[in-house]
Amino acid sequence: FKVGSLISRIYDAIKIRIANGNALNKGAAPDNDGTLEVDYLLVEAENVQLYEYYNDTAQDDNNWDVALARLWGQSFTPSTAHTITFVRFYVHRVGTCTGDSTAYIKATDGSGLPTGAILGEGATPTSSIGTTVSWIDYPLASTSELSASTKYAAYIDAPNCSGAPTNYLYIHGDSSSPSYTGGCLLNNLSGSWTEACANDMIFEEYGNPVAGGVIAAPTEGFIITAQ
């Protein structure tokens, strides 16, 4: 069904109330107030675009464990200003973890390392991450406009995974022929960040364009699909 409202892209396990929606979601009926509560939605704004990426999964030849305070990420440099809305990583789970894995977006300092306030963050349940590697989406509940030609960092945590060798996430990347020119692999294993520029994480970064210095409004009319 279509909704004539301006709604940004929303993923997984987010409840939204859609006023006057004409929808059938597993037999659900509209509430008395004329709204319908729908769980697990994929909302596609027509102008959501892929911006920065290193997404050739054929180059996947290494992985790094994310658990407890072990953080891994990737720096990236947008060629075009935009508002970041979600990021994707190539991930699998080992053992059992509880709670969420959260992705964070930060600016970087003069050394290319994450610094300052969180510019965006979004979580996905670790239980939903499979034991076979696949693309995992992290929709950002809070977002920021990213400037062109400025380096940023995206990284994930999994604080409720107990760690190797039993319970952790593996985030995948390329150590043999990394070719992303806008940044490189980052890690924080003991309280401080380090670049590992002989590697690139496999990632994608999406957002909405900026027009004339103002965030472009999504085109009216969205296709919303129940998961």
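Residue indices begin at 1 and follow the sequence shown.
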So which heavy atom on [X] is nearest to which on [Y], and how close?
X	Y	value
Asn167	Ser162	ND2-OG, 2.9 Å
Leu186	Ser75	CD1-N, 3.7 Å
Thr126	Cys161	CG2-SG, 4.5 Å
Ser175	Asn62	OG-ND2, 2.8 Å
Ala148	Ala81	CB-N, 3.8 Å
Tyr168	Ala67	CB-CB, 3.8 Å

Quick check for you: to the nearest 0.5 Å, what is the distance between [X] atom [atom1] and [Y] atom [atom2]?
X	Y	atom1	atom2	result
Ile171	Ser101	CD1	OG	7.5 Å
Asp56	Ser179	CG	OG	8.0 Å
Tyr170	Asp65	OH	CG	6.0 Å
Cys197	Leu185	SG	CG	8.5 Å
Leu146	Lys151	CG	NZ	14.5 Å
Ile156	Leu169	CD1	CG	5.5 Å

Is the shortest heavy-atom distance from the side chain of [X] to the side chain of [Y] under 4.5 Å?
X	Y	value
Leu140	Ile84	yes
Ser134	His92	no
Ile105	Glu121	no
Thr124	Ile136	yes
Thr166	Thr96	no

Determine whether [X] and [Y] fall in the same hydrophobic cluster, where Ile, Leu, Val, Met, Phe, Trp and Tyr are linked whenever their side-chain heavy atoms lie under 4.5 Å apart.
X	Y	answer
Tyr155	Ile202	no
Ile129	Val87	yes
Trp135	Val133	yes
Leu189	Met201	yes
Leu119	Tyr138	yes

With a 3.5 Å distance limit and no angle check, can you tell me whether [X] reaches the backbone of [Y] through a side-chain donor-acceptor pair?
X	Y	answer
Thr77	Gly182	yes
Asp100	Thr102	no
Asn199	Ala196	yes
Glu205	Glu52	yes
Lys106	Ala154	no
Arg70	Trp72	no
Ser144	Gly120	no
Ser128	Pro125	yes
Asn160	Cys97	no
Glu204	Arg88	no

With side chain to side chain contact (heavy atoms under 4.5 Å, CB included) as the test, would you mind laying out the steps for Trp193 and Leu71 before giving the verdict? CA-CA 9 Å; Trp193 285 100; Leu71 311 177; 3.8 Å; yes
How are the rings of Tyr51 and His82 set relative to one another: parallel (under 30°), tilted (30 to 60°) or perpendicular (over 60°)?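 Tyr51 and His82: parallel rings.
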One pair to check against side chain to side chain contact (heavy atoms under 4.5 Å, CB included): Ser177 and Gln59. What are the steps and the verdict? CA-CA 8 Å; Ser177 55; Gln59 299 301 315; 2.8 Å; yes
Side chain to side chain contact (heavy atoms under 4.5 Å, CB included) assessment of Thr57 paired with Tyr90: CA-CA 8 Å; Thr57 58; Tyr90 206 47; 3.5 Å; yes
Between Tyr54 and Asp174, a side-chain donor and acceptor under 3.5 Å: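 Yes, because at least one side-chain N or O of Tyr54 sits under 3.5 Å from a partner of the opposite role on Asp174.
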For the residue pair Asn208 / Thr83, report whether a side-chain donor-acceptor contact shorter than 3.5 Å exists.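 No, no side-chain donor-acceptor contact under 3.5 Å.
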Report the C-alpha distance between Val91 and Asn63 in whole Å, list the side-chain angles of each, state the deciding distance to 0.1 Å, and finish with yes or no for side chain to side chain contact (heavy atoms under 4.5 Å, CB included). CA-CA 9 Å; Val91 183; Asn63 43 62; over 6 Å; no
Ring centres under 6.0 Å, that's the criterion: do Phe203 and Tyr180 meet it?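 Centroid distance Phe203-Tyr180: below 6.0 Å, so yes.
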I'd like to know whether Asp109 forms a side-chain hydrogen bond (donor to acceptor under 3.5 Å, both in side chains) with Thr115, so could you lay out the CA-CA distance, the side-chain angles of the two residues, the decisive distance to 0.1 Å, and finally the verdict. CA-CA 6 Å; Asp109 61 19; Thr115 190; 5.2 Å; no
